Amino acid sequence: MGYMGFGMQSWVYKRRPRKPFSKRGEIPSFSPLPKYSRTFSIKPHIKENKYKYVFWGFIFFVSFVFLINISIKKFTLYSINHSNILYENSKRIDYGGFHFLIKSGKKRLLSNNILGAYSEFNLAYKINPKNDELNQLLVETLSILCTKDIEYCNKLDYHLIQKH
């Protein structure tokens with residue numbers, strides 16, 4: 001058989017193959033098993049305090065509920081703070097983008113790029129439609145574009161109706 005590892009005993013790999021139709025010998029064990037003898041005796045009954053386990057179970061349950069309650073409160077507080085931070089961050093980004101679009105639209109108006117200025121003002125209008133300066137610039141830009149294309153006249157009418 002050869003050495004197989006895991007503490008293989010030498011008698012295992014020194015054995016010779018058995019002859020056909022012969023009786024096998026006993027295989028020695030690794031260590032002899034102790035003989036088990038049953039002895040019965042009357043033992044006194046020991047009362048177990050079952051209420052002790054109920055008490056410890058109740059203490060464990062109350063502490064578990066207490067810890068869960070604290071964890072839920074901390075999580076909700078964290079969640080509210082996180083959403084407030086995200087909201088403030090998005091407002092700050094929108095504010096910066098809005099002012100960039102207004103400034104860029106004014107520069108395009110000065111360079112006589114009316115269509116480009118209208119696109120900048122339209123994007124700024126989507127961010128903050130309640131700004132009075134933006135609404136005035138949008139009306140002026142649409143009135144200039146209205147002289148060239150009737151489509152912008154319809155947009156100007158829609159914007160003036162929506163404003164009032």
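From a predicted model like this one, the values you see are computed outputs, not experimental measurements.
Under the 3.5 Å distance criterion, the side-chain polar atoms of Asn135 are matched with a main-chain donor or acceptor of Asn131. In this structure a side-chain-to-backbone donor-acceptor pair under 3.5 Å is present from Ser143 to Glu140. Remark: the backbone N or O of Ile59 is paired with a side-chain donor or acceptor of Ser63 at under 3.5 angstrom.
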Query raised in the report: Can Phe64 and Leu67 be said to form a side-chain contact (heavy atoms from CB on, under 4.5 Å), step by step?
Result: CA-CA 5 Å; Phe64 182 73; Leu67 289 175; 5.8 Å; no

Query raised in the report: For Ile70 and Lys74, what are the C-alpha separation, side-chain angles and deciding distance, and is it a side-chain contact (heavy atoms from CB on, under 4.5 Å)?
Result: CA-CA 6 Å; Ile70 289 173; Lys74 283 185 180 181; 4.0 Å; yes

Report task. Take Leu110 and Lys107 through the test side-chain contact (heavy atoms from CB on, under 4.5 Å) and record every step on the way to the result. Result -> CA-CA 5 Å; Leu110 290 175; Lys107 283 183 183 178; 5.7 Å; no

Query raised in the report: Which is it for Tyr118 and Asn122 under the side-chain contact (heavy atoms from CB on, under 4.5 Å) test, yes or no, and what are the steps along the way?
Result: CA-CA 6 Å; Tyr118 169 70; Asn122 198 19; 4.0 Å; yes

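Here Lys103 contributes atom NZ and Phe98 contributes atom CZ; the two are 13.0 Å apart, rounded to the nearest 0.5 Å. Distance check, rounded to the nearest 0.5 Å: CZ of Phe121 to NZ of Lys126 gives 15.5 Å. Taking NZ of Lys155 as the start and CD1 of Ile150 as the end, the distance is 13.0 Å to the nearest 0.5 Å. To the nearest 0.5 angstrom, Ser104 atom OG is 5.0 Å from Phe100 atom CZ. The CG atom of Asp157 sits 7.0 Å away from atom SG of Cys146, with the distance rounded to the nearest 0.5 Å.
Residue Leu86 places its CG atom among more than 12 non-hydrogen atoms of other residues, nucleotides or ligands, all under 6.0 Å distant.
Between Tyr152 and Asp149 there is a side-chain heavy-atom pair separated by less than 4.5 Å. For the pair Ile72 and Ile68, the minimum side-chain heavy-atom distance is below 4.5 Å. In this structure the side chain of Leu137 reaches within 4.5 angstrom of the side chain of Leu109, judged on heavy atoms. The side-chain heavy atoms of Asn112 and Ile114, taken from C-beta on, include a pair separated by under 4.5 Å.
Residues Tyr125 and Ile93 are members of separate hydrophobic clusters, defined by side-chain heavy-atom contacts under 4.5 angstrom among Ile, Leu, Val, Met, Phe, Trp and Tyr.
The pair Arg92-Glu88 does not meet the salt-bridge criterion, since no charged nitrogen lies less than 4.0 angstrom from a carboxylate oxygen.
Here the closest heavy-atom approach between residue Ile127 and residue Asp94 is recorded as CG2-O, 3.8 Å. Across all their heavy atoms, Asn128 and Leu134 have their closest contact at O-CD2, 3.5 Å. Closest non-hydrogen pair, Ala117 versus Gly105, comes out as CB-O, 3.5 Å. The heavy-atom pair separating Ile102 from Ala124 by the smallest distance is CD1-CB, 4.2 Å. Pairing each heavy atom of Ser119 with each of Arg108, the nearest pair is OG-NH1, 4.1 Å. Taking each heavy atom of Ile144 and Thr147 in turn, the nearest pair found is O-OG1, 2.6 Å.
By the 30° and 60° cut-offs, the orientation of the rings of His99 relative to Tyr95 is perpendicular.
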